[in-house]
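Keep in mind the model is a prediction, meaning the values are calculated, not measured. Here is how names work: the chains are called A, B, and so on, in the same order as the sequence lines, proteins then strands, and each is numbered from 1.
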Protein chains: 2
Amino acid sequence: MTPARTSTGAAPTRGRRPGRSTGDDREVAILATAERLLGQRPFGDISIDDLARGAGISRPTFYFYFPSKDAVLLTLLDRVTEEANAAAGDVLVRLADDPRARWRELIARFHATFGGHRDVVLACAQVRGTNAEVRRLWAEVLERWVRAVEAAIEGERARGAAPDGLPARDLAIALNSMNERVWYATFAGDGPAVAERDVVDVLLDVWLTAIYRTTTPPVSPSG
Amino acid sequence: MTPARTSTGAAPTRGRRPGRSTGDDREVAILATAERLLGQRPFGDISIDDLARGAGISRPTFYFYFPSKDAVLLTLLDRVTEEANAAAGDVLVRLADDPRARWRELIARFHATFGGHRDVVLACAQVRGTNAEVRRLWAEVLERWVRAVEAAIEGERARGAAPDGLPARDLAIALNSMNERVWYATFAGDGPAVAERDVVDVLLDVWLTAIYRTTTPPVSPSG
DNA sequence: ACGGCAGTCAACACCATGTCGAGTGGAATC
DNA sequence: GATTCCACTCGACATGGTGTTGACTGCCGT
């Protein structure tokens, strides 16, 4: 019957039937092939046939596991954003202890996560233009990070460490957007880009000045 | 023989034979059709046949005028970036007179230009991932703007209005990247975005704090 | 009257995507 | 031990977009 539509989670057009099955390794093989090939050529130059053959199956069989090429990428993206979320964790909870160090830690961890999967991230950025599903997922995770940063900024203002100014949400959007685009340019290596070893400190500097108007924000409320 | 390869300028894969010809209006018709259709659906959903029929010609004839769909978009992008360059003009030459006003003017003019051609800009951002030619052109114009901003920052530092800090080029890249991504989100309207009427002031605020560490930079060298 | 060239298109070759329907083999059920 | 069921597989096909070929038209200069 209609295969590959039931999906594991809430997303409608991704994955395969849930539960155990002998074909689990095939699914993994497809994902592995995709990630491997993304290291060699752009996503658009990888055909479904390439993914299928790489996984040792025929093209029609590919469709048993994924509804489309984009769905494979989406699964890959899911992993990366989950890893990023885990890496970011609760770095911002004890912000007041050492704001500069905490913000830097946050940016550095994202940098490490994305840098470790640059092929996937780059491919997603490309596909985002044409694929609504990828766009939606990315918007979702971005919204989450924006909210976290927004809350942190408001916290800093509440304790008097950061001055009032732009609406915290607008500022959070601007800063997150900057990071996204700067990382993209750095990893893609086309056009004007910040050197990879400098990028964390460059971003950090803009974040700190935009939030605190200084690169050495004050520590703890009454210390 | 091989048509559509000589091009007007330096670019190798764009445009048609130079010189006068009765088919000039056809070329214009294709461009007009493209811009019109981009207002209705994404670039990927527009086929060469759509462009050809919209211009009143057959699909093979389209290839007499443009070597590909992307080349049409590239020509459209050329126009927009030229307009942006003209609009930006020499806003930064008398920066010291009223830095805040000048920077705002610069950002506002770009905003107006891009906003006036958002369909084209959005389409280019999408295609940039898959088309090296678009990527190259965009990198080129971005590099130009980065250099202008870099020089302006160095000027402000020289006159003592802005403190030292990040390398001016890195800062210029970061700020320009932020603008690009924030505008994209604002115009595309997907994901977290700044409201269109606020976006200039939000960007301005980050620019000023990053460059001057204050939103009210000092005027002219000696009072 | 004629050669050449801008301009035009029907027909074709190609390639990637997605679908259909007919299998196959192993585990659970009778 | 036969049977049924289902996860899983793929050959063959339909579709739709891209880019090319080769032949045709009409104008313009000689």
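The one candidate from A/I211, A/V146, A/V149 that meets the side-chain contact (heavy atoms from CB on, under 4.5 Å) condition with A/L171 is A/I211.
Within the 4.0 Å cut-off from OP1 or OP2 of C/dT8, not a single side-chain nitrogen or oxygen of B/T61 is found. Residue B/Y65 places at least one side-chain N or O under 4.0 Å from the OP1 or OP2 atom of C/dT8.
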Just the atom pairs and distances: protein N or O near nucleotides 15-19 of chain D's N or O, under 3.5 Å.
residue	atom	partner	partner atom	Å
D/dT18	OP2	B/I48	N	3.3
D/dT18	O4	B/R59	NH2	3.4
D/dG19	OP2	B/Y63	OH	3.1
D/dG19	N7	B/R59	NH1	2.7
D/dG19	O6	B/R59	NH2	2.4

Could you go through residues 196-203 of chain B and list every donor-acceptor pair under 3.5 Å that involves a side-chain atom there, pairing it with any protein atom two or more places apart or in another chain?
residue	atom	partner	partner atom	Å
B/E196	OE1	B/R118	NH1	3.2
B/E196	OE2	B/R118	NH2	2.6
B/D201	OD1	B/R104	NE	3.0
B/D201	OD1	B/R104	NH2	3.1
B/D201	OD2	B/R104	NH2	3.1

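Legend: residues meeting ring pair (Phe, Tyr, Trp, His ring centres under 6.0 Å) with B/F110, ordered by chain and number and at least two apart, are B/F114, B/W145. For the side chain to side chain donor-acceptor pair (under 3.5 Å) test, residues two or more places apart in sequence or in another chain that qualify with A/E83 are A/H117.
Atom CD1 of A/I57 and atom C1' of D/dC10 are 10 Å apart (whole Å). Across the protein-nucleic acid pair, A/F64 atom CZ and C/dG21 atom P stand 18 Å apart, rounded to whole Å. To the nearest angstrom, P of D/dC8 lies 11 Å from CD1 of A/I30.
The salt bridge (Lys or Arg N to Asp or Glu O under 4.0 Å) analysis of residues 57-72 of chain B, with sequence neighbours excluded, yields no pairs. Listed by first and then second residue, the salt bridge (Lys or Arg N to Asp or Glu O under 4.0 Å) pairs involving residues 119-129 of chain B are B/R128-B/E180 (not counting sequence neighbours).
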